[in-house]
Amino acid sequence: MRMSSLFLRTLRDDPADAEVTSHKLMVRAGLIRRVASGIYSWLPLGNRALRNVAQIVREEMDDAGAQEVTLPIAQPLDLWKQSGRDDAYGQMMFRVKDRKDNWYAMAPTAEEVVTTLVAGEYSSYRDLPVNLYQINWKYRDELRPRFGLLRAREFLMKDAYSFDADLAGLQASYDLMFHAYSQVFSRCGLTFRAVKAQSGEIGGDTSQEFMAVAAIGEDAFVWCEQCDYAANTEAATRRPTPEQVVPDQPPREVVHTPAMPGIDAVADHLGTTPDLLMKSIAFDVDGELVLVLVPGDREVNEYAVAGICAPAKVRLYTDADFDGHPEIPKGYIGPDFAGAARTLADSSLRAPHAWVTGANEADHHARNMVLGRDFTPTAWNEIVQVEAGDKCSSCGSPLRIDRGIEVGHVFQLGDKYSRALGAVYTDDAGAEHPMVMGCYGIGVSRILSAVIEEHHDDGGICWPAAIAPYQVHLVVIPGRGDNSAEVSAAAEQLYSDLRAREIDVLFDDRDVSPGVKFADADLLGMPVQVTIGAKGLARGVVERKIRATGDRDELALDVALDALTGH
RNA sequence: CGGGAUGUGGCGCAGUUUGGUUAGCGCGCAGCGUUCGGGACGCUGAGGCCCCGGGUUCAAAUCCCGGCAUCCCGACCA
């Protein structure tokens, strides 16, 4: 492609509405342009990179035995009512109405459509397993789109759906996808980790997220340096604390702590530290009061509480709840509160010392509260948010915390959708069963953001070759000397030869100053830059620069073609 | 949805507090000339519903009311 005719305008200044590096660079390098909040036009260079990512995904999915289909973006809302997800998605879903007043959802995902499709075609165990995927635009009306393509309202996603006869089959399908995903992200040049995840709105049991490690990532995850344990902080747990004997303690004592509902104030007042205090957090669980007990220096992982209490609905007590129950002394609740239906304790409360807790009376705390003597929880669990340095639940080594961009997610769904939408099969004994499903997503457009976050420098993008819009950026600097025509001719020849060998080459044949060409080449970030100029050509050489490393060398003109094409 | 901010040629911004000639600067764009290996320089020029709708006023980019859009923090989230 000749830059003289490429639809491209690079920008010197960062766009005012971009916050993160990848977003700024994508706009400056002319990959995308904003059309509306979270909705972008893809310009030629961006479109090529996007297509390259999609192709990698396609190849790996095909290799794993999945079959590509294209499912509708406009989906009858009735389907979503059948699965119950019309309400579940709520405002997240774009809805459109046709001229006959029928409502459609603009696909945020496609479980309903694909399950209905398979249900209509397959009905025997002989048909299974099958795995269908598509690479298609998805729509989510995010409360707050941000960071360019990282949280967009229109985005390209690969979604795959596996249908198996039983759980063993599902596990096999899942493992295939897991492996394919690892291949995809490796090929895209991402540093990533697969982490245990909460499954969110999709529903289901086992799920793992693929996180591209990035400081600007929206999700935090913990990982173990010694073993392969890794989990989203929502799903992470630390090693349980074993039961221990608490040495003899003085009797429970109530102390006056006026206007001190906060941990730090109480600790200061009593001359102790927050880790020796115990918090009793009130939750509403299907209308019942459940207390969750954690050390004063730790936060409750509400996802863990929800998991323990499922399928009951869990929510933190609000000020309105407390206002409606004056007998519950907010800020002064203790583990022995008589009004609690249950108390769930984090296992770290088995520590061999007494606790300072609320005294279940406004403005009073109790000290020397001893487990087994003064209070006994209903159940022990791992309920605190894991922090760096906590012990790994698998091997006991210290855990670390990083942030990441969720670029992929694999779920073992089970039969939630197959039951709701009638995807059943007959086994060899003639009995009917719901198919067992898995679903697997990759954020194709989001990958571009993640890749640029990882591969850039002050000058611009440093594309990994696998997804670069072009492999070679050929720059000609004809100069004004006697041989400028000769330089141009040599560049034209090399351009033509590279194309003849099917190398994707971007040829900067513009009549602009050398500085502009070099700066644009760095900004656009093709893996290899080749410069043909009067000085080098006089010595029979062209200059090669590897964008990512900055390494430069010279190639004799007569071998340049072979060197650049790997021959 | 709560809090904060912004909206002025394609992009980045000044001007708004204290209303008043022709709305200005940098980049980009067009023409001419000089320059030509790391975002060159000079001259000339084109390009503006000053977000939209009301209102106040002799006069509104500027003041008032209403709306919309965009961004940031929070809540939420495959």
Side-chain angles (χ1 to χ4, degrees), chain A residues 8-20 23-24 27-28 30 33-39 85 88-93 107-111 138-148 150-153 155-160 197-204 207-211 218-219 232 234 302-303 315-316 318 405-411 413 439-446 458-460 475-481 484 487-488 508 510-524 529-538 542-543 545 550 552:
Chain A
L8 171 72
R9 179 120 297 143
T10 57
L11 304 179
R12 286 199 198 199
D13 298 319
D14 286 334
D17 58 2
E19 188 73 7
V20 299
H23 186 195
K24 291 174 181 170
V27 174
R28 283 190 54 211
R33 289 289 183 261
R34 193 181 72 81
V35 173
S37 180
I39 297 175
R85 288 209 299 175
Y89 262 96
Q91 295 280 89
M92 271 291 264
M93 205 149 62
T109 173
E111 279 81 5
K138 301 296 186 300
Y139 296 83
R140 290 184 195 171
D141 193 4
E142 295 284 351
L143 284 176
R144 189 177 156 205
R146 62 180 130 181
F147 299 162
L150 274 186
R151 185 157 296 278
R153 296 198 295 172
F155 55 100
L156 192 61
M157 177 168 127
K158 186 284 303 179
D159 44 326
Q198 291 284 324
S199 45
E201 210 56 74
I202 295 273
S207 93
Q208 284 164 291
E209 292 169 337
F210 286 81
M211 309 290 278
E218 293 187 281
D219 298 293
N232 190 301
E234 296 170 358
E302 293 185 35
Y303 295 94
R315 61 176 178 78
L316 198 57
T318 62
I405 297 165
E406 184 189 349
V407 287
H409 205 153
V410 290
F411 297 90
L413 274 180
C439 75
Y440 317 92
I442 290 180
V444 176
S445 48
R446 181 183 278 186
D458 290 347
V475 173
V476 58
I477 309 291
R480 279 307 192 85
S484 70
V487 176
S488 293
D508 195 345
R510 297 175 298 172
D511 182 22
V512 296
S513 72
V516 170
K517 292 190 175 188
F518 292 135
D520 274 346
D522 285 348
L523 175 61
L524 299 182
Q529 297 173 6
V530 176
T531 303
I532 298 186
K535 291 178 183 172
L537 199 63
V542 301
E543 183 183 321
K545 174 177 152 185
R552 299 164 191 265

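Each chain gets a letter, A, B and so on, in the order its sequence line appears, and its residues count up from 1.
- Among the protein residues, A:Arg552 comes within range of the nucleic acid bases, having at least one heavy atom under 4.0 Å from a base atom.
- Here the nucleotide nearest the side chain of A:Phe411, chosen from B:G39, B:A78, B:C72, is B:A78.
- Of the candidates B:G38, B:A78, B:C72, the closest approach to any side-chain atom of A:His409 belongs to B:A78.
- Side-chain contact between A:Glu218 and A:Ile405: absent, with no pair of heavy atoms (C-beta onward) separated by less than 4.5 Å.
- Between the P atom of B:A69 and the CG atom of A:Asp17 lies a distance of 16 Å, rounded to the nearest Å.
- B:U70 is paired with B:A5 under the criterion used here, namely a Watson-Crick or G-U wobble arrangement in which both key atom distances are under 3.5 Å.
- Across all strands shown, B:U44 is found opposite B:A30 as a Watson-Crick or G-U wobble partner, with both distances under 3.5 Å.
- For A:Ser37, the side-chain atoms get nearest to B:U70 when compared with the rest of B:U70, B:G39, B:G38.
- Side-chain contact between A:Phe518 and A:Ile477 is present, with at least one heavy-atom pair separated by less than 4.5 Å.
- Taking the side chain of A:Phe155 as heavy atoms from C-beta on, and the options B:G38, B:U70, B:A78, the nearest nucleotide is B:A78.
- Toward the 5′ end of RNA chain B lies the nearest nucleotide of A:Arg510, the other residue of the pair A:Arg510 and A:Pro145 mapping further downstream.
- Of the nucleotides present, none pairs with B:A14 by Watson-Crick or G-U wobble criteria with both distances under 3.5 Å.
- Proximity of a side-chain donor or acceptor of A:Lys158 to a complementary backbone N or O of A:Val444 within less than 3.5 Å is not detected.
- Among all heavy-atom pairs drawn from A:Lys517 and A:Val476, the shortest one is NZ-O, 2.7 Å.
- Rounded to whole Å, the P atom of B:G9 lies 37 Å from the corresponding atom of B:U35.
- If you take atom C1' in B:U18 and the same atom in B:C63, they sit 11 Å apart, rounded to whole Å.
- If you check every strand for non-hydrogen atoms under 4.0 Å, A:Arg28 touches a base.
- Within the 4.0 angstrom heavy-atom criterion, only backbone atoms of the sugar-phosphate kind lie near A:Glu19; the bases stay farther away.
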Nucleotide N/O of nucleotides 24-35 of chain B paired with protein N/O under 3.5 Å:
from: B:G28; atom 1: OP1; to: A:Arg12; atom 2: NH2; distance (Å): 2.8

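- Side chain of A:Thr531 to main chain of A:Val475: no donor-acceptor pair is present (N/O by atom type, distance under 3.5 Å, no hydrogens or angles).
- Spacing between atom NZ of A:Lys545 and atom P of B:G37 amounts to 16 Å, rounded to whole angstrom units.
- Summarising the geometry, atom NE2 belonging to A:His409 is positioned 3.0 Å from atom OG belonging to A:Ser207; distances are rounded to the nearest 0.5 Å.
- Distance check, rounded to the nearest 0.5 Å: CG of A:Leu537 to CD of A:Glu543 gives 13.0 Å.
- Between the side chain of A:Arg33 and the backbone N or O of A:Val27, at least one donor-acceptor pair lies under 3.5 Å.
- The C1' atoms of B:A14 and B:U57 are separated by 26 Å, rounded to the nearest whole Å.
- Note: CG (A:Leu143) to P (B:U70) measures 14 Å, nearest angstrom.
- Going from atom CZ of A:Phe518 over to atom P of B:G39 covers 10 Å, rounded to whole Å.
- Side chain of A:Arg446 to main chain of A:Glu406: a donor-acceptor pair is present (N/O by atom type, distance under 3.5 Å, no hydrogens or angles).
- Under 3.5 Å, the side chain of A:Asp14 and the base of B:G12 form no donor-acceptor pair of N or O atoms.
- Nucleotide B:G19 has no partner under the Watson-Crick or G-U criteria, as no pair reaches both atom distances under 3.5 Å.
- The phosphate of B:C76 has neither OP1 nor OP2 within less than 4.0 Å of any side-chain N or O from A:Tyr89.
- A:Glu406 comes within contact range of the sugar-phosphate backbone alone, with a heavy-atom separation under 4.0 Å but no base atom that close.
- Between A:Ala16 and A:Val512, it is A:Ala16 whose nearest contact on RNA chain B lies nearer the 5' terminus.
- For the atom pair CD of A:Glu209 and CG of A:Asp219, the computed distance is 5.5 Å after rounding to the nearest 0.5 Å.
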Give the C-alpha distance, both sets of side-chain angles, the deciding distance and a yes or no for side-chain hydrogen bond (donor to acceptor under 3.5 Å, both in side chains) between A:Thr109 and A:Glu111.
CA-CA 6 Å; A:Thr109 173; A:Glu111 279 81 5; 2.7 Å; yes
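- Using a 4.0 Å heavy-atom cutoff across all strands shown, A:Met92 reaches sugar-phosphate atoms only and no base atom.
- By the 4.5 Å heavy-atom criterion applied to side chains, A:Arg140 and A:Met157 are counted as neighbours.
- For A:Leu524 and B:G38, the CG to C1' distance is 15 Å, given to the nearest whole Å.
- Among the protein residues, A:Arg34 comes within range of the sugar-phosphate backbone only, with heavy atoms under 4.0 Å from sugar or phosphate atoms but none that close to a base.
- Distance check on atom C1': B:C41 versus B:A23 gives 28 Å, rounded to whole Å.
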The contact string for nucleotides 4-9 of chain B, one letter per nucleotide 5' to 3', using protein heavy atoms under 4.0 Å with B, S and - for base, sugar-phosphate only and none, comes out as ------
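- A:Arg552 contributes atom CZ, which lies 5.0 Å from atom NZ of A:Lys545 (distance to the nearest 0.5 angstrom).
- In this structure, B:G38 forms no base pair with any nucleotide, since neither Watson-Crick nor G-U wobble geometry is met with both distances under 3.5 Å.
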Could I get a table of every N or O pair under 3.5 Å where one atom is in the protein and the other is in nucleotides 41-51 of chain B?
none

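- Of all nucleotides present, none satisfies the Watson-Crick or G-U wobble test against B:A75 with each distance under 3.5 Å.
- Contact check on A:Arg146 versus A:Glu19 returns no salt bridge, with no Lys/Arg side-chain nitrogen under 4.0 Å from an Asp/Glu carboxylate oxygen.
- Residue A:Met211 contributes atom CE, which lies 13 Å from atom C1' of B:C77 at whole-angstrom precision.
- Look at the P atom in both B:U56 and B:C65: the space between them is 15 Å, to the nearest Å.
- Comparing B:G7 with B:U62, their P atoms are spaced 12 Å from each other, to the whole Å.
- Looking at heavy-atom distances under 4.0 Å, A:Gly479 makes contact with sugar-phosphate atoms alone, never a base.
- The OG1 atom of A:Thr10 sits 3.5 Å away from the CG atom of A:Asp520 when rounded to the nearest 0.5 Å.
- One atom, CG of A:Asp508, and another, P of B:C36, lie 19 Å apart when rounded to the nearest Å.
- Spacing between atom CZ of A:Arg85 and atom C1' of B:A78 amounts to 9 Å, rounded to whole angstrom units.
- Within 4.0 Å of A:Gly481, counting heavy atoms only, lies no atom of the nucleic acid at all.
- Going from the P atom of B:C1 to that of B:G39 covers 49 Å, rounded to whole Å.
- With B:U70, B:G39, B:G37 as the choices, the nucleotide that has an atom nearest any side-chain atom of A:Leu523 turns out to be B:G39.
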